[in-house]
Amino acid sequence: MVSWKMMSWKLAAVVCTVVFLVLGILIGKFGIPPDLPSWLRGMSIDGDSSLTERLMKEIRADNIEKNLKYFTQKAHIAGSPREEEELVNYIFNEWKSHLDSARIYPYSVLLSYPNASDPNYVAVQLENGTEVDVSAKVEKILNPDQEEDPTVVNPFNAYSLPGTVMGDPVYVNYGTIEDFTYMKRNLSIDLNGTIAIARYGKIYRADKVKHAAEFGCVGMVLYSDPADYAVDSEVRVYPDDWWLPGTGVQRGTVLPRDGDPLTPYYPSIESAFYQKESDSFSVSAIPVTPIGYDDAIKYLRKISGPEANSTWQGGLNVTYRLGPGFIPPYSNSKLKLHVRTYNERRMTHNVIGYIRGEHEPDRYVVLGNHRDAWVFGAVDPSSASAAMMELSRAFGELLKDGWRPRRSIVFCSWGAEEHGLIGSTEWVEELVKILGTRAVAYLNVDIAVEGNTTLMASGTPNLYKLLHESAKKVENPNPDEIANGRKTVFDTWLANDPSDYDPTLPHIGELGSASDYTAFLQIEGIPCIDMSYTYSKTYKLSDYPMYHSAYETFDLVSRLMDRGFKYHQAVARLLGVMTMTLAEKVILDLDCTQYANKLERMVKDIQTHYGPLFEKHGISMDGVVKAIQEFKEAARNLHGRTETVELTNPLEVRRLNDQLMDLERAFIDPLGISGRPWYRHVIFAPSLHDAYGSSSFPGLTDALFDIENDPDQARRWEQIKKEVSVITFIIHSAASTMKGVNDIGGL
C-alpha cells in the first residue's frame, strides 16, 4: 500500500509540472515579443544611410552643365512662350519620366513688360526742349551668347507707373529710408518735384521707389554703381572678367507685395475674383526705370548742390553731389524720365513633381526653385534649376532600384518669381489647407552658384542643425581648400563665415522676402531654408555683378564662375542630403532647442538697445523672458521624449513628429503683422523698409522705428506695449505645443 506521503509528493510534482507548463505557454505567448510585421519593422528604422552616399555619387557635374546650357539657350521671361510652354513641358516630361508623377498648375496673373516699340529712357532736356545725353535703350551685345534673340526684353522695372516726368535731379545714395531722412532732416533739401537717382543695392528696389514717393519725388532712376558691381577694376569687366560693364543694366520688379496683385490672399484660379487694377497694388507710386553706369555718369557729373559725404561717394570718376538741379550751363535744364511699361494678364505655370512616401505619404518634404528669368538667367535662377533637375534624376535612379522614402518628396518649379514671387504664392494660397497640415519643411534654392568661395544660407532655427550636419557630409568642391585641410563644404563655410554666438558653427541668416520661401513661412508657418554658393565677403558687393542683366549667360557661368560645375554639384548634393534626411529619419530632424536659443539672443539684443528706453516708459520684457524660459524647458523635454520613444509605436512617433513639425506654425498670427497683414510670422518677417532683409520681432521693430521723431508719442508707446504683449503670448502658445498631450487638462 502506497503511503499518503508518497501520494502527496507525486501529486505535488504533477501540479508543479502543470503550473510550469502553463507558465511556459504564457511566457511564450505574452512575455517574448513576436516578430514585428514587416511593415511595422520597416517604418520603425531610419533609412539606409548608404543610399545618401549613393545619391551624392549619382549627381553628376556634367549633367548639370548640360541642363544649364539648355535652360539658357534663349531668354525666358515669365509669360513668354519659351518660359510657359517649352520649359514647362520639358520639366513636366522629365519629372514624369524620373519620378512617380507630375502635374502642371496654371494661373492667370497680372504681369508687366516694357514697350518694345516705345522703350523707356532717361535724358537731359534743355531749356529749348532738346533732349541730350539720352540713355541707351538696349544693352550692348558683348558675347555671342546674346546674339539673335528677339525675345530679350529691354531694361525695365516691372510694375512701374507709366508716364513722362521731368524735374531737378537729386542723388539719394542707395535710397534707403535713412538716406532720404538724412537729406530732408539734416541737410534740409527739398525733394518735392525732383527725380531721384539711386544706386542699386543694400535694400529691395521697390522700397527705394516707395521712399522716393513718400518724400515727394516724381520719378526715380536706378543704376548699378561700379563700387557695388565692378569693385576690382573697370578695365577688366565682362567678357574679360565677371564684373559688370558700364552697359549692363539690372532689371527687376518694384511690386510692393508678393503674389498676383489682382487676387490678394486668394489663388488666381478659374473661379477667382479679380480686382480692378485701379483697386490693386499693381503699380508703383511714381515712374521708375534702370540704366547702366555708362549713362548714369552723364547725369551725376552735371548735378549741382553740396558734395555728398565720403560714404555716399560711388566708384565712378566723378564727384558725387546731391542736387537738386544741374550745374551751369544746364542750370535751366531738367532730367526727363520716359516710361512706357505696361501690365497685362497672362498665364504662368508651376510644375510639381512627386515621389510618393511609403509609410507617411501625407507628409511632404518640399524643395523648389523658380524657373523664369529676366533674360537668360544663367545664375538667377537657372544655376539652381539645372542643379535641381539633376537631383531629381538622381532620386529617380534610386526609385528604379526599388527604393522609396518614408515620406513624400515634392519638387517644385515656380513660375513668375521675378515679377513678385507669384507662382509660389498662388500655389501656397491654393493648397493652403493641405500644406498647412502636411508639409514638413520647404527647402529653397533660388541661385545655386553666385560665386565660388563659400556656402551662404538663411533659414528658420529648427533647421540649423540639419543644415550644419548635412554640410559636413558634402565634399568640398575646391581642391585648394581640401589641400588646406578643409575637406567639406561645412569646413570652408565655417572658415569664411562663423556665427557671432558660437565660433564652432557657421552663420545662418534670417529669412526676409527675397525668394519663394516667403509664402511657405509667412502664410503657413512651414520651416524653411534658402542657400547658395557665394562670393567672398571681402568684395562687399550688393549682389553678384551681372545680376538680372543680359550678360548673365551660360558663357559667364561656365567660363568665369564655375568651370567644371563642381560648385553646382556641391549645392545639389547638399540639397539632396537635407531632403533625404527629412524624408527618411523616423523622428524628424527639426531642432526646437535651436529656436529657444535664437529667441534668447533676440530678446537680449532688444534689452541691450532699448532697455533704458523701455524702462523710462514703464515697459518690461520680463513676460517675454519668462515665456522664453517656458519655451526652452518645453523644447528640452520634447527632445528628451524623442530620444526615449518606442520607435515601434507608430502612433507615439507620429504624435512627437507632429509636435516638431507644428512648432513653426505656432508663430503665425492670423491677424498678421500690424499694418502689414500679408506677413503673419511674429518672430521673423521682411523689414518694413527693406523687404529683402529680415526683422526679428517685426511688429515690435516696426513700432520702434524712428519713434523719437513721432509727435504722437503716447500712441506709439501704446503700440509697443501691445507688440510686447503679442510676442509674449505667441511664444507662450508655441511652448504649449511642445508639451505633453495631457498638459492641457492637467491629467
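Only a predicted model underlies this, so the values are computations on that prediction, with no experimental measurement involved.
- For Arg486 and Asp491, the salt-bridge test fails: no basic side-chain N is under 4.0 Å from an acidic carboxylate O.
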Show me the donor-acceptor pairs, under 3.5 Å and distance only, between side chains in residues 197-204 and residues at least two apart or in other chains.
residue : atom : partner : partner atom : Å
Arg199  : NE   : Tyr171  : OH           : 3.3
Arg199  : NE   : Asn173  : OD1          : 3.1
Arg199  : NH1  : Tyr174  : OH           : 3.1
Arg199  : NH1  : Asp228  : OD2          : 3.3
Arg199  : NH2  : Asn173  : OD1          : 3.0
Arg199  : NH2  : Thr311  : O            : 3.4
Tyr200  : OH   : Asn157  : ND2          : 3.1
Tyr200  : OH   : Gln250  : O            : 2.9
Tyr204  : OH   : Leu255  : O            : 2.7

| said: Could you go through Arg371 and Glu84, starting from their C-alpha distance and side-chain angles, then the distance that decides it, and tell me whether this counts as salt bridge (charged side-chain N to carboxylate O under 4.0 Å, His left out)? | reply: CA-CA 10 Å; Arg371 183 185 61 253; Glu84 307 297 349; 3.7 Å; yes

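- The number of heavy atoms from other shown groups lying within 6.0 Å of NZ (Lys566) does not exceed 12.
- When each of Tyr692, Tyr229, Tyr535 is checked for a side chain to side chain donor-acceptor pair (under 3.5 Å) with Asp543, only Tyr229 meets the rule.
- Using a 4.0 Å cut-off between charged nitrogen and carboxylate oxygen, Arg60 and Glu390 do not count as a salt-bridge pair.
- Using a cut-off of 4.0 Å between Lys/Arg side-chain N and Asp/Glu carboxylate O, Glu139 and Arg251 are scored as salt-bridged.
- Put simply, the side chain of Ser513 reaches to within 4.5 Å of the side chain of Leu421, judged on heavy atoms.
- Under a 3.5 Å cut-off, the side chain of Asp240 and the backbone N or O of Arg236 do not form any donor-acceptor pair.
- Residue Lys210 places its NZ atom among more than 12 non-hydrogen atoms of other residues, nucleotides or ligands, all under 6.0 Å distant.
- The side-chain tip of Lys137 points at the ring of Tyr121 from less than 6.0 angstrom away and within 45° of straight on.
- Ring centers of Tyr517 and Tyr442: at least 6.0 Å apart, outside the cut-off.
- Cation-pi check for Arg82 over Tyr70 is met; the charged atom lies under 6.0 angstrom from the ring centroid and within 45 degrees of its normal.
- Between Asp555 and Tyr238, the closest side-chain pair of non-hydrogen atoms falls below 4.5 Å.
- For the pair Arg346 and Tyr113, the distance from NZ or CZ to the six-membered ring centre is under 6.0 Å and the angle to the ring normal is within 45 degrees.
- By the 4.0 Å N-to-carboxylate-O rule, Lys140 lies too far from Asp294 to be salt-bridged with it.
- A salt bridge is defined here as a Lys NZ or Arg NE, NH1 or NH2 lying under 4.0 Å from an Asp or Glu carboxylate O, and Lys57 with Glu397 fails to meet this definition.
- For CD of Glu475, the number of neighbouring non-hydrogen atoms (other residues, nucleotides, ligands) closer than 6.0 Å is 12 at most.
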